[in-house]
Colleague: 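Take a look at this one; I'll ask things after.
Quick caveat, the model's predicted, so the values are computed rather than measured. Order of listing sets the numbers, starting from 1, for every ligand and every atom in it.
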Amino acid sequence: MKVVHIAFECAPIYKTGGLGDVIGALPIYQKKLGLETYVLMPGYGFITQLPRLPKSSVPVIYAESPYFKEKNSKHDPKIAAPKYAHFALQALFELKKRNIVPDIIHCHDWHTGLIPFMLKNQPDSFFINTKVILSIHNIGYQGNFPLKFLDTPETAQILPLLNKNSKRINFLKQGIHNSDYILTVSPNHAREIRKRQVGFGLADVISKKRGRFKGILNGIDYDIWNPKTDKHLLQRYSRAHVENKKYKNKLTLQRQLQLEINKDIPLFGMVARLSKQKGTELLLPLLSQFPKRRVQLVILGTGDKHYEKLLKRYDKKRFGEWLSVNFRFDEELAHRIYAASDFFLIPSLYEPCGLTQIIAMAYGSLPVATRVGGLADTVIEGKTGFLFESFSSAALLQTIDRALNVWQNPDKYQLLQKKAMMGIFSWKKSARQYVKLYHKLLKSSK
Ligand code: ADP
């Protein structure tokens, strides 16, 4: 079975978040199960275009477009709209050019939302037997633009195919509407987005897909996220020796970030896009509580400039020994924070799956997270982490205090830590569920 995954990012070639991790791993695990998998992504001018995913034989195909030449703001809608519309055209063109006839085209997120639509509007029968699946990794981003933005030399051919009564185009909605099957990345989030409150305006379109919509939990690649072999760490450790070794990573990070160096100070980590979704605003009013409780917090994040400005107010002079905020995308620092921290903050408003809590657990850092989406599916309250219900700073602070209570009892803390480190969220299990679904879909069309 030939399966082509199409997405705008794929780690380690180009990564901005969790979708990159997924596309860099899932096709490899599916290949191990006997599928012929491919990755198709934009041929950005500023990346090294590897021919295959590292340590695998999964080919990577690059779609070319003038829009991919330079790093331009993803947030400028006048650019984003034609950029990803052209991606849809070029992606299918690349497959035809190479004579790759997929059994399944697996699209990921709004950037690929026009591909299912274009598949329905092919002038020939090249893709006639191809089934198309769309995975929603983040329903909060839909690619909703004025239609006129597609009036460019590269994309104007799409306009006559679209509904002339509508002045706007919603890429994700188009994708949902035109796909054979819709997925999201955790069973709990699949339940959530059927409801109007969490469906971001698409609950009704999704509900129409009854029987052709479900959630499959993401995994992580334990070959990459493994404290025993992690090349970014100065002190590697395994689950068996976590209590004697992990703290050395804390001392190293405290030194590197000029925090007070002391292994007994509990350290909270956070690696996230600074956005409303990730609960940055819940954290802001609590920052002064960290020094009060003699607790350290290390944040690594990029994103909303508004939050950066607010976080910068917590200056080095007053908070320097307790708080370190780092505004950049830094793979190595991320690995070091997972390894150094005792607890990990994920106070998300909504979380389709979330990978950082799964990675944190693999590194023996206990998540403190909202009970939403994939966080509720992966963190077990009181056993592998701490969950809270209401999206409020007060609830977050209460839960931080519950976590600190456990920290006071080293035997109990270690019990939770060892359970969190069991490594049960491997891609192996999820990859099998995808393959089963692909077979079902192909069988149903015969
Ligand atoms: P998202 O919604 O942003 O995709 P996930 O939890 O699914 O969130 O995945 C985030 C991924 O991106 C993780 O691998 C995390 O370590 C990484 N990440 C996020 N922000 C940064 C950053 N500033 N520097 C390095 N890695 C980051």
Colleague: Which ligand 1 atoms does Arg328 reach within 4.0 Å, using its non-hydrogen atoms?
Modeller: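 Under 4.0 Å from Arg328, ligand 1 has these atoms: 22 (C), 23 (N), 24 (N).
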
Colleague: Is the shortest N/O to N/O distance between Lys278 and ligand 1 below 3.5 Å?
Modeller: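 Yes - when backbone and side-chain N and O of Lys278 are compared with those of ligand 1, one distance drops under 3.5 Å.
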
Colleague: What about Asn138: any of its N or O atoms under 3.5 Å from an N or O on ligand 1?
Modeller: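 No, Asn138 has no N/O under 3.5 Å of an N/O on ligand 1.
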
Colleague: For ligand 1 and Tyr338, I'd like to know whether there is a polar contact (N/O to N/O, distance under 3.5 Å).
Modeller: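 Right, the criterion is met.
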
Colleague: Salt bridge or not between Lys78 and Asp76? Use side-chain N to carboxylate O under 4.0 Å.
Modeller: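 So Lys78 does not pair with Asp76 through a salt bridge.
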
Colleague: Can an N or O of Glu331 be found at a distance shorter than 3.5 Å from an N or O of ligand 1?
Modeller: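 The answer is no, given that Glu331 and ligand 1 share no N or O pair closer than 3.5 Å.
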
Colleague: Taking NZ, NE, NH1 and NH2 as the nitrogens, is one of them in Arg293 or Asp401 under 4.0 Å from a carboxylate oxygen of the other?
Modeller: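 Here Arg293 pairs with Asp401 in a salt bridge, since their nearest N and O are under 4.0 Å apart.
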
Colleague: Would you check if Glu389 and Val372 make a side-chain contact, meaning some heavy-atom pair closer than 4.5 Å?
Modeller: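 Heavy-atom side-chain distance check fails, nothing below 4.5 Å.
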
Colleague: Is Gln296 reaching over with its side chain to a backbone N or O of Leu259, donor-acceptor style, under 3.5 angstrom?
Modeller: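 It does not hold such a pair.
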
Colleague: For atom 10 (C) of ligand 1, find the nearest protein heavy atom and state the residue, atom name and distance (0.1 Å precision).
Modeller: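 That would be Gly18 N, 3.5 Å.
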
Colleague: Measure the CG-CG distance between Leu345 and Leu283 for me, rounded to the nearest 0.5 Å.
Modeller: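 Leu345 atom CG to Leu283 atom CG measures 6.0 Å (nearest 0.5 Å).
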
Colleague: Are any non-hydrogen side-chain atoms of Val132 and Tyr181 less than 4.5 angstrom apart?
Modeller: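 No, their side chains stay 4.5 Å or more apart.
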
Colleague: To the nearest 0.5 Å, what is the distance between CG on Leu50 and CG on Leu53?
Modeller: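 Reported value, rounded in 0.5 Å steps: 8.0 Å.
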
Colleague: Where does Ile359 meet ligand 1, judged by heavy-atom distances below 4.0 Å: at the side chain, the backbone, both, or neither?
Modeller: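 It is the side chain that gets close, since no backbone atom is under 4.0 Å.
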
Colleague: Before signing off on this row, confirm whether Val271 and ligand 1 have an N or O atom pair separated by under 3.5 Å.
Modeller: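 Between Val271 and ligand 1 (N or O atoms, distance only) the closest approach is not under 3.5 Å.
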
Colleague: Counting both backbone and side chain atoms, is some N or O of Asp330 under 3.5 Å from an N or O of ligand 1?
Modeller: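 It does: an N or O of Asp330 is found under 3.5 Å from an N or O of ligand 1.
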
Colleague: Under a 4.0 angstrom heavy-atom cut-off, which atoms of ligand 1 come close to Gly354?
Modeller: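 Close to Gly354: 6 (O), 7 (O).
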
Colleague: I'd like to know whether ligand 1 has Lys15 as a neighbour, heavy-atom separation below 4.0 Å.
Modeller: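 In this structure, Lys15 qualifies as a contact of ligand 1 - some heavy atom is under 4.0 Å.
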
Colleague: So if I count the atoms of ligand 1 from 1 in the order they appear, which ones are less than 4.0 Å from some heavy atom of Gly301?
Modeller: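 Near Gly301, the atoms of ligand 1 are 23 (N).
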
Colleague: Under 4.0 Å, heavy atoms only, figure out whether ligand 1 is touched by the backbone of Leu355, its side chain, both or neither.
Modeller: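 Both the backbone and the side chain of Leu355 come within reach of ligand 1.
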
Colleague: Could you tell me whether Glu381 and Arg402 have a side-chain N and a carboxylate O separated by less than 4.0 Å?
Modeller: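 A salt bridge links Glu381 with Arg402.
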
Colleague: Using a strict 4.0 Å cut-off to heavy atoms of Ala334, name the atoms of ligand 1 that fall inside it.
Modeller: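 Listed by number with element, the hits are 25 (C), 26 (N).
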
Colleague: Check whether any heavy atom of His137 sits under 4.0 Å from an atom of ligand 1.
Modeller: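 Contact check His137 vs ligand 1: negative.
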
Colleague: How long is the gap from CG on Leu134 to SG on Cys107, to the nearest 0.5 Å?
Modeller: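 Leu134 atom CG to Cys107 atom SG measures 6.0 Å (nearest 0.5 Å).
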
